[in-house]
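Before any comments, here is the structure.
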Amino acid sequence: MSKSSERLARFYRFLSSRELSLILFLLLCAVLIPGTLGERKDIEIGWPGRIILGIMSLNLVLCTLQRIRTLSKAVLVLHLGTIMVIAGAVVSSFGFVATVNIYEGTSVDKAYRWDVKQDMPLGFNLAVDKIHVEYYPIPVRVGVLRGTEKIGLFELKTSEHFSLDGYTVKAEVMEFPAENLRLSVAADGQSLGSADTAGVKSLPADFPYDFVLVAFQDPHLKRVWLDVSLSDDSSVIAGGTSEINSPLTWGKYSFYNVNIDFDKFGNKFAGIQITNDPGKPFVYAGFAVIGLGSVMYLLRRFSKSR
């Protein structure tokens, strides 16, 4: 064997070796760990990570081919699934994550892309039509006035009601950050209208009572979701709801609601994360194949133990 052939054979053995697998794993950790130590806690593998993952895929392929006659079908399927997951991770690294804050009832056409560290055009208008916030029932104390006379003090939770001189008064919802309680009023099973503790009423003119919010407990958030729409210059092209674990998906984009907040004037806005992850189908398919290989391996072990 010539020296060049011997070098190629040695290089091939190194590419398919377990030692290289360990080295690549340590290098990948060195690339990923710094991204977990910053304030944003994000992970961007960049070109070094892509190269490492690519070599890891090659290493696993060569290792599988080298031992294909000795490996069981279950292990081969596990290797295939792992290769698909790594390949999907490489493809995903060519996608991007962008974020933007949008006030309720407004739209934007740009978002900040973290891979290029600047605002970039979206190619469409992204609007937050409505921000919905739902709390668990909140204990409240409601004072009732007739003119300046104090009629009573009622303690209940939002979504509950109390009786008042033939009327049924229901505490509907607390509004934050205004700390305003909305109530509905009914008589004989018929709705008369609504009132709130800020003094706004849509009740008959002869309704004699006013309501005051005396006290309430701090709320516990139950659910937040957004009504989101996408449009071009002439029409709406997509729409739906978005929340933390259930994004609106359109084409290659997913739109996640990551937070809501208020500015110093009490105006509500939502934080939206936009992701483009082209490798997701490969990763999901790879995990499915790994699951199949795991079942095959367990069945094989179980049958041998009997």
Side-chain angles (χ1 to χ4, degrees), residues 28 31-54 84-133 221 223-265 267-287:
L28 186 62
V31 170
L32 297 180
I33 287 174
T36 67
L37 301 178
E39 292 183 358
R40 284 182 47 237
K41 304 296 184 187
D42 66 332
I43 298 176
E44 297 178 6
I45 65 173
W47 282 105
R50 293 170 189 167
I51 293 171
I52 293 169
L53 288 173
M84 292 173 66
V85 170
I86 295 174
V90 174
V91 175
S92 290
S93 69
F94 290 93
F96 65 82
V97 174
T99 54
V100 64
N101 290 329
I102 308 177
Y103 281 98
E104 185 177 43
T106 68
S107 65
V108 299
D109 59 4
K110 294 181 180 180
Y112 185 84
R113 276 184 50 170
W114 291 96
D115 55 335
V116 295
K117 303 291 191 283
Q118 62 179 345
D119 287 332
M120 297 291 288
L122 293 171
F124 51 83
N125 296 314
L126 171 62
V128 173
D129 301 314
K130 181 69 176 177
I131 299 175
H132 302 273
V133 181
L221 192 62
R223 183 188 174 205
V224 177
W225 71 100
L226 312 176
D227 292 335
V228 179
S229 61
L230 311 175
S231 63
D232 54 23
D233 293 334
S234 58
S235 62
V236 174
I237 54 180
T241 60
S242 171
E243 49 190 306
I244 292 176
N245 295 314
S246 181
L248 169 67
T249 300
W250 175 69
K252 60 184 180 180
Y253 300 106
S254 294
F255 303 86
Y256 294 84
N257 170 222
V258 292
N259 76 297
I260 63 163
D261 209 338
F262 301 87
D263 64 17
K264 62 181 180 180
F265 303 107
N267 298 313
K268 194 185 303 181
F269 65 86
I272 295 182
Q273 177 178 282
I274 307 162
T275 62
N276 173 17
D277 187 357
K280 185 186 293 185
F282 300 99
V283 173
Y284 285 171
F287 280 128

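One-based numbering along the sequence shown. This is a predicted model, so every value here is computed, not measured.
Summarising the geometry of S229 relative to D129, their closest heavy-atom pair is OG-OD2, 3.0 Å, with the distance given to 0.1 Å. Looking at every heavy atom in both residues, E243 comes nearest to V224 through CB-O, 3.3 Å. Taking every heavy atom of both residues into account, G286 and M84 meet most closely at CA-CB, 3.7 Å. Contact record, K110 with P121: CG-CA, 4.0 Å, taken as the closest heavy-atom pair.
Shown here is F269, whose CZ atom has more than 12 heavy atoms of other residues, nucleotides or ligands within 6.0 Å. A 6.0 Å sphere centred on CZ of F282 holds no more than 12 heavy atoms belonging to other residues, nucleotides or ligands. Under a cut-off of 6.0 angstrom, the local environment of OH in Y284 is sparse, with at most 12 non-hydrogen atoms contributed by other residues, nucleotides or ligands.
Using bins of under 30°, 30° to 60° and over 60° for the plane-to-plane angle, the ring pair Y112/W114 lands in the perpendicular bin. Ring-plane geometry between F124 and W250 is classed as perpendicular, the angle between the planes exceeding 60 degrees on a 0 to 90 degree scale with a lower cut at 30.
Interatomic distance, L126 CG to T106 OG1, rounded to the nearest 0.5 Å: 9.5 Å. Here the straight-line distance linking atom CG of N267 with atom OH of Y103 works out to 6.0 Å at 0.5 Å rounding. Considering CG of D109 and OG of S231, their distance stands at 9.5 Å, rounded to 0.5 Å. Between the CG atom of L122 and the CG atom of L230 there is a distance of 9.0 Å, given to the nearest 0.5 Å. Atom-to-atom distance recorded for Y256:OH and I274:CD1 is 12.0 Å, nearest 0.5 angstrom. Once rounded to the nearest 0.5 Å, the distance linking CD1 of I272 with OG1 of T99 reads 10.5 Å.
Without hydrogens or angle criteria, E104 side chain to I131 main chain gives a donor-acceptor distance under 3.5 Å. N257 contributes a side-chain N or O that, together with a main-chain N or O of N259, makes up a donor-acceptor pair within less than 3.5 Å. A donor-acceptor pair is defined here as one N or O able to donate and one able to accept, closer than 3.5 Å; no such pair exists between the side chain of S107 and the backbone of N125.
Between Q273 and V97 there is a side-chain heavy-atom pair separated by less than 4.5 Å.
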